[in-house]
**Q** 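Please see the structure below; I have some questions.
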2 protein chains.
Amino acid sequence: MSQLPEQSAGPSVPTSADVARLAGVSRATVSYVLNDNTTVRISDATRRRVREAAFDLGYVPHAAARSLRAGHSRMVLLPAAQQLPGPLHQRFFTDLQTDLRRLDYTVVQYGSVGLDADEAVRAWAELRPVAVVAPGGVHLTPHRTGVLTRSGAKAVITLGPQPVEGAHALVLDQREVGASAARHLLSRGRRSIGVLMPQDPGLAVFAGPRLAGVLRAVETSGAAARAEPLPLAYEEEPAARLAARWRTLGLDAVIAYDDEYAMLLMRALQDAGVGIPEETAVVGAGDLMLGRLLRPRLTSVRMELAAAQPPAELIDRLIRHPGGPRERHDLLRARTVVRESG
Amino acid sequence: MSQLPEQSAGPSVPTSADVARLAGVSRATVSYVLNDNTTVRISDATRRRVREAAFDLGYVPHAAARSLRAGHSRMVLLPAAQQLPGPLHQRFFTDLQTDLRRLDYTVVQYGSVGLDADEAVRAWAELRPVAVVAPGGVHLTPHRTGVLTRSGAKAVITLGPQPVEGAHALVLDQREVGASAARHLLSRGRRSIGVLMPQDPGLAVFAGPRLAGVLRAVETSGAAARAEPLPLAYEEEPAARLAARWRTLGLDAVIAYDDEYAMLLMRALQDAGVGIPEETAVVGAGDLMLGRLLRPRLTSVRMELAAAQPPAELIDRLIRHPGGPRERHDLLRARTVVRESG
DNA sequence: TTGAAAGCGGTACCAA
DNA sequence: TTGGTACCGCTTTCAA
C-alpha cells in the first residue's frame, strides 16, 4: 500500500509472505494450508484466516517459483512449428491436450516460428519441460534430443511421417495413404497414375511420403504400371493449364494430395472435357464432406487415428519410466472409400 | 560423471554453478559471460574458458529461475480455448507469433480445455505472463481481468466478436459479415433471406453476431424484407431434408455460415431441383477456393484483417505503457465478392 | 577483472 | 499446531 508509487509500478503482486503477514502466520503455514498438506495439522481457525487473507489479496501462487523449488515441472511442451493442416490433426491435438490435462500435466504450445532448429531446441530446453512432443516440422537429431534430455526432459517424442533416431516416435506414416489409393486404382485396372504434389512447402513433409507409398505399391504390384509426380499450385490457373495438356500425359488415374486438390483438378478436367472416371479416375484424401458433394462423388482415402493406448497415457508412461528402449507407435490407418470418381 | 547413479536419476541437469566449477570461476562470471554483459570487463581467456565449459556440459539456462530473479517475464500468453476455424484465424495467429517473437517476446499457447473460466484464469495467472491475449471462447469479466492484472499482467486483450469491459479489445466484428451479404442481396431485389445457423457449438460465437448483422441490415434498409434463421447440421441428410421443404419456406435467398455450408446446401437444393440463383440466391462466407470451383460460382463474403498498427506492435505498446484507457481496435473488413450464385 | 552474497517466491525439513 | 530456515537457479550489486 505505502511502498512504491502505484501509478507507474502498479500494485505489486501479492506473495505468500503478504498472505502470511495479513493472516498473522508464517509463510510455511500459508503453504501448508493452500496446498492442503495432510502431513501437518492446522487448526480450522488458522485455515480460515489464511484462506480469507489469500482471497482478499487476490493471491495466486507463482508457478515458476514453485517448480523451481520442486526441481521439476509437469509441463508438456508441444512446439507448434507450424499449424498442421486438416481436421485429423486438429482433433488429435485437442484430444491430446484434454487427456494430458486430465493426467494433471500442463500443456504448453510454444511458437518456434522464425527460429532455426538448434535455437528452437535451446529455447524449449530453457523451459525445462518434463516432456516434449515435437511435430515433424522441426527436425530432431540425436544431438538435439540430447540437449532436451540433458535439460531434464524425461521423454522426447516426435510426431510425424517417420521416426527419428534417439527419440520415441508417434508415427503418422503417410506412405500408407498413397499406397492404399494406388492399390485401389491398380485393382481397377488403372496403369498410369499421376500423383498431385502441392507446392506449399508446409505440405511437403506429407506429400513426399505419400508419393513414396504410391511408388512402392506400384512396384510391388507386379503390374506393368507407372506413377508420375505432378506439381500443382493450389490455384485455378495452373490447374487449367495442367488439364489442357492432360491427354498428352497419357494418364488414366490421378491421386490428389487431398480432397480439396482433387476438387480443384476435377473442375479443371471437367471444364477441359476429360471424362471422370471414364478417361481418368480421381482419388482424393481426407474423406471430407465436400468429396461427397462433388459429382461424380469423390473416391477418397479415409484416414483414422488408432492407437493401442491413448497417446496421453503413452506419454505419461514414458515420463514415469524413462530410460527404456525407444518406442515407435503407428497411429495412422488408411483405407480407400470407393465412390464414383474412380 | 561420478556424482550420482545415472541410471535412475538420470544425469543431473547442469547449472551455472557446474559451469563455474568446470571453468574455475565464480557463478557471477559465468552469468556475465553468457549474457554478454557489457558493464563489466572480462578477459578473453576467461570468456573462452566459460564458453567452453558451458558447451561441454550442454548447459542451458533455466528460464523460470531467470525470470523469477528478474521479477518479470516476456511471456505473452495465448490461451487457446479452442482452435479457431478457418485460414483467416490461422494466418492471424501465425503472424502474431512471428511478430511478437521479433519483438523478443516468448509466445506460449496454453491449453485450457476442460477448465471452467475461473480455473482457467487462475492457471494463466500462475504463469505470470506479461500479457494475455484471450480468444472469445473464454469469457473474460472485469473480475477475471483483475485477477490477471493483479498477477502482474501489463496488458489483457480480448480477441473476439465483441469487446469485454475492463480489457483491451481486438474486435473481429462478425456482424459486418452478415450485414455485407444482406445488403448485397437486398440490392439485388431479394426480400426473404434465410440465414444458415451451424449446430456446432464452437461456431455459435461467430454465427450469432452474423445473424444479428443480417437482421440489422434488413431493418435499416427500409425495404419490406425479412430474414429468418435456419438451423442446419453439417451433414448431407439434414441438408436434404431442408431442401425438400425449401419451397414451403418462401425464401428467395440464403446466407450460409461459410462457403462449405453453402456448398452443402447448394448441392441439396440442386438435387431437389431448386434453381440457383433464379429461385434462390446463395451467398457464402470466407471466399475459399472451393466457391470458385462450384457451378454456379459462389458469391461469398471476403473477410480481411486490417489494422492501423500490426497487432504485435499494439500489444508491445500496451505492455510498455500500461494504465492507459481501454483500447478497441476493429480488425475485420468484410465485402461481398459477387459471382454467379446470387 | 573477479568473487561473495543477497534475494526473487515457494516448499519442506526440523524444532519448538 | 506452528515458526524458522535452507534451498531451488539465476542475476546483480558491492567489495576486493
Side-chain angles (χ1 to χ4, degrees), chain A residues 3-4 9 12-50 53-54 57-75 125-128 130 150-152, chain B residues 9 12-50 53-54 57-75 125-128 130 150-152:
Chain A
Q3 253 171 314
L4 281 177
S12 63
V13 183
T15 72
S16 76
D18 296 320
V19 177
R21 199 157 25 238
L22 184 57
V25 299
S26 74
R27 288 159 66 208
T29 305
V30 170
S31 175
Y32 294 144
V33 170
L34 296 184
N35 292 313
D36 288 321
N37 190 320
T38 50
T39 68
V40 84
R41 300 251 152 267
I42 307 275
S43 71
D44 280 359
T46 305
R47 292 197 117 75
R48 202 167 38 247
R49 285 216 316 287
V50 170
L57 291 173
Y59 170 73
V60 174
H62 192 307
R66 173 181 285 170
S67 73
L68 179 60
R69 167 66 227 222
H72 60 259
S73 73
R74 287 186 68 80
M75 180 199 304
E126 290 190 359
L127 298 178
R128 297 289 193 271
V130 69
R150 250 176 287 117
S151 83
Chain B
S12 63
V13 182
T15 72
S16 75
D18 296 321
V19 177
R21 197 155 29 236
L22 184 58
V25 299
S26 74
R27 290 156 65 209
T29 306
V30 172
S31 176
Y32 295 144
V33 171
L34 297 184
N35 292 314
D36 287 321
N37 190 319
T38 50
T39 68
V40 83
R41 300 252 151 268
I42 307 274
S43 69
D44 279 359
T46 306
R47 289 197 119 73
R48 202 167 37 247
R49 286 217 315 288
V50 169
L57 290 173
Y59 170 73
V60 175
H62 191 305
R66 172 180 286 174
S67 71
L68 180 60
R69 165 67 223 225
H72 60 259
S73 74
R74 287 186 68 80
M75 180 198 306
E126 290 190 359
L127 298 178
R128 297 289 193 273
V130 69
R150 250 177 286 119
S151 83

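The chains referred to below are lettered A, B, ... by the order of the sequence lines, with proteins before strands, and numbering in each begins at 1.
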**Q** Could you tell me which residues satisfy salt bridge (charged side-chain N to carboxylate O under 4.0 Å, His left out) with A:Asp44, sequence neighbours excluded, listed by chain and number?
**A** none
**Q** Please list, in 5' to 3' order, the outermost nucleotides of DNA chain C lying under 4.0 Å from any heavy atom of chain B.
**A** C:dT1 to C:dG10
**Q** When the nearest nucleotide of DNA chain C is assigned to A:Ala17 and to B:Gly24 on a heavy-atom basis, which residue is associated with the more 5' position?
**A** B:Gly24
**Q** Could you work out, with side-chain contact (heavy atoms from CB on, under 4.5 Å) as the rule, every residue matching A:Ser31, not counting sequence neighbours?
**A** A:Asn35
**Q** Taking side-chain hydrogen bond (donor to acceptor under 3.5 Å, both in side chains) as the definition, give me every residue that meets it alongside A:Thr38, ordered by chain and number, with sequence neighbours left out.
**A** none
**Q** Using every non-hydrogen atom in the two residues, find where B:Tyr59 and B:Leu34 come nearest and quote the distance to one decimal.
**A** CE2-CD1, 3.5 Å
**Q** Compare every heavy atom of B:Thr46 with every heavy atom of B:Ser43, then report the nearest pair and how far apart it is.
**A** OG-OG1, 2.7 Å
**Q** With a 4.0 Å cut-off on heavy atoms, is B:Arg128 in touch with a base, just the backbone sugar-phosphate, or nothing at all?
**A** sugar-phosphate
**Q** In a table with atom names and distances, give each donor-acceptor pair under 3.5 Å that connects a side chain of residues 68-75 of chain B to protein atoms at least two apart or in another chain.
**A**
from, atom 1, to, atom 2, distance (Å)
B:His72, ND1, B:Ala70, O, 3.4
B:Ser73, OG, B:Met75, N, 3.3
B:Ser73, OG, B:Arg128, O, 3.1
B:Arg74, NE, B:Asp104, O, 3.0
B:Arg74, NH2, B:Leu103, O, 2.9

**Q** Please identify each residue that fulfils side-chain hydrogen bond (donor to acceptor under 3.5 Å, both in side chains) with A:Ser67, with sequence neighbours left out.
**A** none
**Q** My understanding is that only residues two or more places apart in sequence, or in another chain, count here; which of them pass side-chain hydrogen bond (donor to acceptor under 3.5 Å, both in side chains) with B:Ser16?
**A** none
**Q** Using atom types as modelled and distance alone, determine if a side-chain donor or acceptor of A:Arg49 lies under 3.5 Å from a backbone N or O of A:Ala23.
**A** yes
**Q** Taking the axis from the first five pairs and the axis from the last five, what angle separates them in the helix from C:dT1-D:dA16 to C:dA16-D:dT1, rounded to 10 degrees?
**A** 50°
**Q** Using every non-hydrogen atom in the two residues, find where A:Ala53 and A:Val19 come nearest and quote the distance to one decimal.
**A** CB-O, 3.8 Å
**Q** Among residues 30-46 of chain B, which residues get a heavy atom nearer than 4.0 Å to DNA chain D?
**A** B:Ser31, B:Tyr32, B:Asn35
**Q** Relative to the 5' end of DNA chain D, which residue comes earlier, B:Ala65 or B:Ala28, by the nucleotide with the nearest heavy atom?
**A** B:Ala65
**Q** Verify, without hydrogens or angle tests, whether A:Arg47 (side chain) and A:Ile42 (backbone) share a donor-acceptor contact under 3.5 angstrom.
**A** yes
**Q** Taking any atom closer than 4.0 angstrom to a non-hydrogen atom of chain B, what span of DNA chain D does the protein reach, first nucleotide to last?
**A** D:dG9 to D:dT13
**Q** Which residue pairs satisfy the salt bridge (Lys or Arg N to Asp or Glu O under 4.0 Å) criterion with at least one member in residues 58-67 of chain B, sequence neighbours excluded?
**A** none
**Q** Sequence neighbours left out, what passes side-chain hydrogen bond (donor to acceptor under 3.5 Å, both in side chains) with A:Ser151? Give chain and number order.
**A** none
**Q** When we call it a touch if two heavy atoms are under 4.0 Å apart, what does A:Arg66 touch: a base, just sugar-phosphate, or nothing?
**A** sugar-phosphate
